[in-house]
Amino acid sequence: MAGRCDCIAEFDGVPSIIDFKTSRRVKKKEYISSYFAQMSAYAIMFEERTGMPITNTVVIMDVDDNEPLVFKEHRDNWTKLLLDTKAEYDRRKLFSH
């Protein structure tokens with residue numbers, strides 16, 4: 001896997017993977033699970049490269065005509081979804097040839 005996260009910084013005093021999103025409408029946390037899986041990947045890759053674990057992930061979402069939304073999650077709550085998604089991608093890629 002590869003990718004580049006938007007920001008690695010302290011959020012509420014905790015080292016965090018932070019992703020900035022935009023939306024035309026308010027979204028509930030249950031509709032953005034893929035964002036958390038993506039940030040879990042960034043956190044794991046960052047730890048592999050630096051040895052520094054970051055388990056806090058934050059989505060800051062700018063919503064048209066509304067206040068920004070902030071969603072915080074623990075990386076490990078989304079690792080299974082990340083690995084399942086990666087396995088499904090690999091399976092489909094294998095059978096597409």
Side-chain angles (χ1 to χ4, degrees):
M1 286 191 282
R4 186 174 298 160
C5 65
D6 291 339
C7 182
I8 299 172
E10 284 192 10
F11 189 89
D12 289 339
V14 179
S16 302
I17 301 293
I18 303 169
D19 211 23
F20 300 102
K21 301 291 186 185
T22 59
S23 180
R24 293 179 190 253
R25 60 183 168 73
V26 173
K27 293 183 182 175
K28 295 181 180 180
K29 186 185 279 189
E30 51 267 20
Y31 300 141
I32 61 169
S33 58
S34 63
Y35 297 166
F36 290 111
Q38 174 188 8
M39 289 187 299
S40 292
Y42 294 152
I44 291 166
M45 289 185 284
F46 181 81
E47 184 174 354
E48 287 177 354
R49 298 279 305 208
T50 67
M52 181 179 155
I54 294 181
T55 59
N56 195 50
T57 61
V58 181
V59 172
I60 300 174
M61 185 180 298
D62 180 51
V63 182
D64 290 354
D65 301 319
N66 284 284
E67 293 293 315
L69 301 173
V70 177
F71 301 97
K72 295 190 286 185
E73 280 288 317
H74 192 283
R75 171 194 76 187
D76 296 345
N77 293 341
W78 301 94
T79 322
K80 182 178 181 332
L81 176 61
L82 168 66
L83 296 175
D84 290 349
T85 303
K86 172 83 168 64
E88 179 63 18
Y89 172 83
D90 291 344
R91 187 188 69 75
R92 288 182 185 197
K93 189 174 177 183
L94 178 68
F95 289 110
S96 69
H97 292 146

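With sequence neighbours excluded, the residues forming a side-chain hydrogen bond (donor to acceptor under 3.5 Å, both in side chains) with Asp12 are Lys72, listed by chain and number. Arg25 is linked by a side-chain hydrogen bond (donor to acceptor under 3.5 Å, both in side chains) to nothing, counting only residues two or more places apart in sequence or in another chain. Residues that satisfy the side-chain hydrogen bond (donor to acceptor under 3.5 Å, both in side chains) test with Asp90, not counting sequence neighbours, are Lys86. Residues satisfying the side-chain hydrogen bond (donor to acceptor under 3.5 Å, both in side chains) test with Asp84, not counting sequence neighbours, are Lys80. Pro15 pairs by the side-chain contact (heavy atoms from CB on, under 4.5 Å) definition with Met52, Ile54, not counting sequence neighbours. Not counting sequence neighbours, the partners of Ser40 by the side-chain contact (heavy atoms from CB on, under 4.5 Å) test are Arg75, Trp78, Leu82. Applying the salt bridge (charged side-chain N to carboxylate O under 4.0 Å, His left out) test to Glu88 and every residue at least two apart in sequence or in another chain returns Arg91, Arg92. Listed by chain and residue number, Leu81 satisfy the side-chain contact (heavy atoms from CB on, under 4.5 Å) test with Thr85 (two or more places apart in sequence, or in another chain).
Its side chain within the 4.5 Å cluster rule, Val70 clusters with Phe11, Ile18, Phe20, Val58, Ile60 among the Ile, Leu, Val, Met, Phe, Trp and Tyr residues.
Residues Phe71 and Lys21 form no side-chain contact, since every pair of their non-hydrogen atoms from C-beta on lies 4.5 Å or further apart.
With values rounded to the nearest 0.5 angstrom, Phe46 atom CZ is found 6.5 Å from Ile17 atom CD1. For the atom pair NE2 (His74) and CG (Asn56), the distance works out to 8.0 Å, reported to the nearest 0.5 Å. Atom CD of Glu73 sits about 8.5 Å away from atom CE of Met39, to the nearest 0.5 Å.
In terms of heavy atoms, Tyr42 sits closest to Arg4 at OH-O, 3.4 Å. Residue Thr22 comes nearest to Met61 through the heavy atom pair C-CG, 4.5 Å, listed as atom of the first residue, atom of the second, then distance.
Among residue pairs with one or both ends in residues 48-63, none qualify as salt bridge (Lys or Arg N to Asp or Glu O under 4.0 Å); sequence neighbours excluded.
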